[in-house]
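The structure under discussion appears below in the form of structure tokens.
Being a predicted model, the structure only gives us computed values, none of them experimental. Below, chains carry the letters A, B, ... as their sequence lines are ordered, and counting in each starts from 1.
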There are 2 protein chains.
Amino acid sequence: MVNNRNNSEHVFTIKEVAQLAGVSSATISRFINGKMNRMSKETAAKIADIIDQTGFVVNATARQLSTHNSQLVAVVAADIDDYFSTEFFKGASSVLEQNQLTAILFDSNSDKKRELTNLKIINHQVFDGLIIQPLINEQSELRQEIRQGLKTIIVDRDLHTQDWTMVTTNNYSISQQTAAYFRQQQFDDCIVISEAVTGTSTREDRSAGIRTVFPNASLIEIDNSRPFIKENEKKALAMIEKNRAAKRKTLFFFLKERLLLAFFPTFMHHDLLSAPDIAITAFSDTAIVKRLLPDSKLIKQDPFLMGATAAEILADRINNQQTPNISSNQIVIPAKLQ
Amino acid sequence: MVNNRNNSEHVFTIKEVAQLAGVSSATISRFINGKMNRMSKETAAKIADIIDQTGFVVNATARQLSTHNSQLVAVVAADIDDYFSTEFFKGASSVLEQNQLTAILFDSNSDKKRELTNLKIINHQVFDGLIIQPLINEQSELRQEIRQGLKTIIVDRDLHTQDWTMVTTNNYSISQQTAAYFRQQQFDDCIVISEAVTGTSTREDRSAGIRTVFPNASLIEIDNSRPFIKENEKKALAMIEKNRAAKRKTLFFFLKERLLLAFFPTFMHHDLLSAPDIAITAFSDTAIVKRLLPDSKLIKQDPFLMGATAAEILADRINNQQTPNISSNQIVIPAKLQ
DNA sequence: TTGTACGCGTTATCAC
DNA sequence: GTGATAACGCGTACAA
């Protein structure tokens with residue numbers, strides 16, 4: 001059936017279509033909602049024809065006002081500059097699509113104020129569900145900002161609560177496991193490189209896991225706004241020197257891929273990449289680092305699967321009116337050391 | 001003023017608030033829309049109090065149905081895995097925010113079908129404007145998919161039309177300029193590395209610009225789904241050997257940063273990074289490559305500024321009912337060789 | 001300064 | 001099978 005929609009600016013309403021088809025608006029509504037069981041072939045054909053000619057599309061806003069649902073799911077990412085965020089969105093998006101739901105992405109831009117704005121908008125609109133990788137790390141605080149009754153899944157953050165379903169990674173144990181692996185290889189000193197650790201559950205968990213093995217691990221904290229500052233590199237090099245003087249082997253543990261990328265040139269220029277007394281590991285989701293350091297052991301999360309898992313639970317809850325099952329309120333998608 | 005919203009599931013409507021405040025719903029409406037000029041201090045205070053107690057928020061859907069606008073702008077990105085896309089969104093988003101508009105991000109995931117789905121949703125909802133980095137490269141085709149009357153700005157694609165305002169980069173001339181720069185340094189052969197060139201205006205323009213200087217440039221075309229395939233690297237190494245045998249210097253011209261990153265390890269392991277007869281250049285928006293190759297000359301676009309520029313024009317058009325000015329329908333944000 | 005009443009475009013419950 | 005018509009929650013003349 002060719003779509004002959006004319007080119008005028010006019011947007012047709014259900015009423016106008018009804019008039020043109022010589023039926024009532026109720027019948028049009030039935031037609032566009034696929035309730036053909038009680039409708040003559042002739043009227044159906046007639047209506048199809050008119051809709052085709054006019055290029056009529058339903059006004060989703062009016063429909064939402066009437067039905068109180070939208071088939072729309074809001075996905076709030078901490079920062080779309082991170083591969084984790086975009087990939088987790090893509091996972092969620094693809095599963096939601098299979099369930100006749102549409103994912104809409106909001107970027108908090110690593111900014112709590114922005115996250116609040118996003119949540120405010122989401123509360124005002126008719127979203128059937130929410131998947132969020134929150135910046136706010138206090139469950140009581142976050143609770144304030146999410147409209148009651150909005151079906152919500154938390155991703156990548158452990159808020160220590162039963163109120164929401166959470167899809168997380170085994171940050172603590174994989175960090176511990178990785179640290180132990182290198183400890184066994186006689187690496188006696190560990191330098192953790194991360195953005196501000198306190199206040200973000202993922203980084204706190206990772207750091208804690210490492211410290212069960214390296215209680216005295218040092219920390220180089222990166223200021224997000226100036227990741228490439230020379231100061232940091234000097235600190236790292238100085239630590240290496242100190243360890244070398246003491247005949248100790250040094251492990252660099254990057255809590256985020258981007259930070260390793262920032263340090264990589266320095267390591268390269270100082271010929272540290274294949275030094276036997278230096279090891280580098282990192283949380284690294286993309287393939288880039290593994291290509292740069294083919295012999296390295298890296299921690300790989302599965303953000304796509306995390307998003308997909310969150311979406312599956314949410315879709316089920318939306319379409320089948322499932323209520324959260326307390327016993328399975330936290331799903332852990334394990335990261336792998338490889 | 002403390003927000004004492006109670007914790008019940010109930011969502012208050014304007015009518016209920018009106019009743020509680022002992023005024024009509026019209027007065028509440030005036031209050032929430034800031035029309036305080038004609039309202040007694042007392043009623044205003046009373047209303048503020050009730051709104052505070054009830055935690056009332058306006059139903060954006062109902063408002064949209066009534067006003068036909070939403071203060072929402074849809075931003076459609078080609079693929080949020082690309083730094084360009086996310087950065088252009090962040091630019092647009094920040095400017096829109098300053099204009100009391102909210103940017104909502106749709107990801108086409110490098111998939112034309114997905115782009116169509118996104119546009120369909122956008123057509124159904126009440127968006128005040130659209131900023132799109134389209135996958136569809138035919139203006140007539142794209143025209144079909146965008147609702148008449150939707151204020152639209154095209155980013156990063158030259159659709160060769162006056163119908164829309166377009167914000168683009170000087171892909172052609174910067175490529176030419178860069179090629180010329182290396183030509184002058186006695187690089188006699190150029191190898192272009194890109195995803196499929198035909199069908200995407202940006203890549204076509206870049207390739208054409210290069211070919212004005214290197215008419216015989218070879219092309220290594222990367223299959224997006226298998227960027228790391230060994231085949232490509234072998235091809236590159238073979239070309240180098242051939243050129244070396246003929247005492248020719250070779251320029252590698254990557255049309256996308258990610259591709260250079262994919263090849264980088266190979267170049268590194270074959271000691272090609274500082275070989276005098278090999279040069280590497282690329283369209284490279286992030287700081288990573290420049291750090292990896294501090295002495296290289298790279299092309300840097302400004303996606304943030306492109307998004308911001310698009311948003312500025314759109315915001316002006318939405319808020320001031322400006323109509324497009326034909327004479328300035330294409331804005332070029334130049335990339336720089338640095 | 002405030003209230004009444006209608007419209008926005010759909011859906012859904014009755015009737016017929 | 002189909003048609004009136006009352007919601008849905010808000011904005012806005014027009015009155016008062």
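- If you check residues 62-72 of chain B against DNA chain D, the residues with a heavy atom closer than 4.0 Å are Ala62(B), Arg63(B), Ser66(B), Thr67(B), listed by number.
- Base contact: Ser29(B) has a heavy atom under 4.0 Å from a base atom.
- Using modelled atom types, one finds a donor on one side chain and an acceptor on the other under 3.5 Å when comparing Thr165(A) with Arg317(A).
- No more than 12 heavy atoms of other residues, nucleotides or ligands sit less than 6.0 Å from atom NZ of Lys35(A).
- Residue contacts for Ile32(A): at a heavy-atom cut-off of 4.0 Å it reaches the sugar-phosphate backbone alone, with no base atom in range.
- In this structure, Arg30(A) has no salt bridge (Lys or Arg N to Asp or Glu O under 4.0 Å) partners at least two apart in sequence or on a different chain.
- Partners of Glu138(B) according to the side-chain contact (heavy atoms from CB on, under 4.5 Å) rule, which considers only residues two or more places apart in sequence or in another chain, are Ser140(B), Glu141(B).
- Five base pairs at each end of the helix from dT1(C)-dA16(D) to dC16(C)-dG1(D) define two local axes, and these are offset by 40° (rounded to 10°).
- Among residues two or more places apart in sequence or in another chain, the salt bridge (Lys or Arg N to Asp or Glu O under 4.0 Å) test is passed with Arg114(B) by Glu97(A).
- Proximity of Ile80(B) to Phe89(B): side-chain heavy atoms (C-beta onward) are nowhere separated by under 4.5 Å.
- Atom P of nucleotide dT10(C) and atom CZ of Phe31(A) are separated by 14 Å, given to the nearest angstrom.
- Looking at residues two or more places apart in sequence or on another chain, you find no salt bridge (Lys or Arg N to Asp or Glu O under 4.0 Å) involving Glu16(B).
- Annotation: side-chain contact (heavy atoms from CB on, under 4.5 Å) contacts of Ile146(B) (sequence neighbours excluded): Leu119(B), Leu130(B), Leu142(B), Leu150(B), Thr152(B), Trp164(B).
- If you measure from atom NE2 of His124(B) to atom P of dT10(C), you get 10 Å, rounded to the nearest angstrom.
- Within 4.0 Å (heavy atoms only), Val57(A) reaches sugar-phosphate atoms of the nucleic acid but no base atom.
- Using a 4.0 Å heavy-atom distance criterion, Phe56(A) is classed as a sugar-phosphate-only contact.
- The phosphate of dG9(C) (OP1 or OP2) has no side-chain N or O of Thr61(A) nearer than 4.0 angstrom.
- Along DNA chain D, the stretch of nucleotides lying under 4.0 Å from any heavy atom of chain A spans, 5' to 3', dG1(D) to dG9(D).
- A donor-acceptor pair under 3.5 Å is absent between the side-chain atoms of Ser25(B) and the main chain of Ile14(B), judged by distance alone.
- Of all the residues in residues 14-23 of chain A, Ile14(A) reach under 4.0 Å from DNA chain C with at least one non-hydrogen atom.
- Scanning for side-chain contact (heavy atoms from CB on, under 4.5 Å) contacts around Gln71(B) gives Asn69(B), Gln100(B), Leu101(B), Asp128(B), with sequence neighbours left out.
- For Lys90(A), the salt bridge (Lys or Arg N to Asp or Glu O under 4.0 Å) criterion is met by Asp79(B), Asp107(B), not counting sequence neighbours.
- Every residue two or more places apart in sequence or in another chain was checked for a side-chain contact (heavy atoms from CB on, under 4.5 Å) with Ser66(A), and none qualifies.
- Relative orientation of the Phe12(A) and His10(A) rings is perpendicular, given thresholds of 30° and 60° on the angle between their planes.
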